[in-house]
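Working notes for the structure below.
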Amino acid sequence: IRETGAVKGMAHITGGGFTENIPRVLPTGIGAVLDLANATPPPVFGWVAKTGGIAVDEMLRTFNCGIGMVVIVPAEQAEAVAAILTENGETVTEIGTLTSQNPGEVTYSGEIKWG
């Protein structure tokens, strides 16, 4: 990964979920749009949401929904970085893009599939 020089930011998705952790690594004037249709959380998260009556927005703000790390790379280098991560045993899912809209915020599109 270091050799590619492609990684521009990394966010460990812990308490605060996507909503609070990703903005910490975004440059000024940039926002992120996550496509929830690309994420398939482990079944336990669907169970938590359903059993606890927890809304999707709250799930995304509180839990990592099975995605423990977000790596920010230029679009033209995403495939190369994904290949390196996969070769080293990581599961890679492209879940979003950066945008100049809604700077400093994470917005969502698509619908999450609660496995």
Side-chain angles (χ1 to χ4, degrees):
I1 292 294
R2 287 188 183 120
E3 291 175 15
T4 68
V7 176
K8 304 304 180 194
M10 297 175 76
H12 186 204
I13 309 303
T14 58
F18 302 103
T19 307
E20 294 178 15
N21 288 294
I22 294 173
R24 294 178 184 149
V25 299
L26 295 176
T28 302
I30 299 296
V33 178
L34 302 187
D35 184 352
L36 299 178
N38 289 342
T40 304
V44 68
F45 292 102
W47 178 84
V48 168
K50 182 179 178 181
T51 303
I54 303 171
V56 172
D57 287 348
E58 185 64 15
M59 289 292 295
L60 297 171
R61 191 188 68 76
T62 306
F63 300 104
N64 70 17
C65 297
I67 297 177
M69 180 73 69
V70 171
V71 180
I72 299 170
V73 300
E76 61 274 5
Q77 292 177 292
E79 193 173 308
V81 172
I84 291 167
L85 289 168
T86 301
E87 287 170 14
N88 285 280
E90 298 298 332
T91 301
V92 178
T93 303
E94 186 175 325
I95 61 168
T97 59
L98 299 182
T99 178
S100 59
Q101 296 178 356
N102 302 310
E105 295 181 18
V106 176
T107 56
Y108 302 98
S109 66
E111 189 173 320
I112 200 160
K113 298 169 254 172
W114 291 117

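This chain uses plain numbering: 1 for the first residue, then up along the sequence.
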Between Leu34 and Leu60, does the side-chain contact (heavy atoms from CB on, under 4.5 Å) criterion hold? Intermediate values first, please.
CA-CA 11 Å; Leu34 302 187; Leu60 297 171; over 6 Å; no
Sequence neighbours excluded - salt bridge (charged side-chain N to carboxylate O under 4.0 Å, His left out) pairs with any residue from residues 53-82
Glu20-Arg61, Glu58-Arg61
What is the minimum heavy-atom distance between Ala32 and Ile22, and which atoms define it?
CB-CG2, 4.1 Å
To the nearest 0.5 Å, what is the distance between CG on Leu98 and CD1 on Ile30?
6.5 Å
Same cluster for Ile54 and Val106 if Ile/Leu/Val/Met/Phe/Trp/Tyr side chains link at under 4.5 Å?
yes
Residues passing the side-chain hydrogen bond (donor to acceptor under 3.5 Å, both in side chains) test with Thr91, sequence neighbours excluded, are none
Is there a path of hydrophobic side-chain contacts, each under 4.5 Å between heavy atoms of I, L, V, M, F, W or Y residues, that connects Ile67 with Val44?
yes
State, yes or no, whether a side-chain contact exists between Val56 and Tyr108 at a heavy-atom distance under 4.5 Å.
no
Per the salt bridge (charged side-chain N to carboxylate O under 4.0 Å, His left out) rule, what does the pair list look like for residues 82-111, sequence neighbours excluded?
none
If Ile, Leu, Val, Met, Phe, Trp and Tyr residues are connected whenever their side-chain heavy atoms lie under 4.5 Å apart, and connections chain through other members, are Val25 and Phe18 in the same group?
yes
Under a single-linkage definition using a 4.5 Å side-chain heavy-atom cutoff for Ile, Leu, Val, Met, Phe, Trp and Tyr, are Trp47 and Phe63 assigned to the same hydrophobic cluster?
yes
Suppose we screen for side-chain contact (heavy atoms from CB on, under 4.5 Å). Which residues come up paired with Pro41, at least two apart in sequence or across chains?
Phe45, Cys65, Ile112, Trp114
Restricting to non-hydrogen atoms, name the atom on Pro74 and the atom on Ala6 that form the minimum distance, rounded to 0.1 Å.
CD-O, 3.0 Å
Shared hydrophobic cluster, Met69 / Ile72 (ILVMFWY, side-chain heavy atoms < 4.5 Å):
no
How would you list all residue pairs meeting side chain to side chain donor-acceptor pair (under 3.5 Å) that involve residues 23-40, not counting sequence neighbours?
Asn21-Arg24
Please list all pairs passing the side chain to side chain donor-acceptor pair (under 3.5 Å) test where one or both residues lie in residues 4-13, with sequence neighbours left out.
none
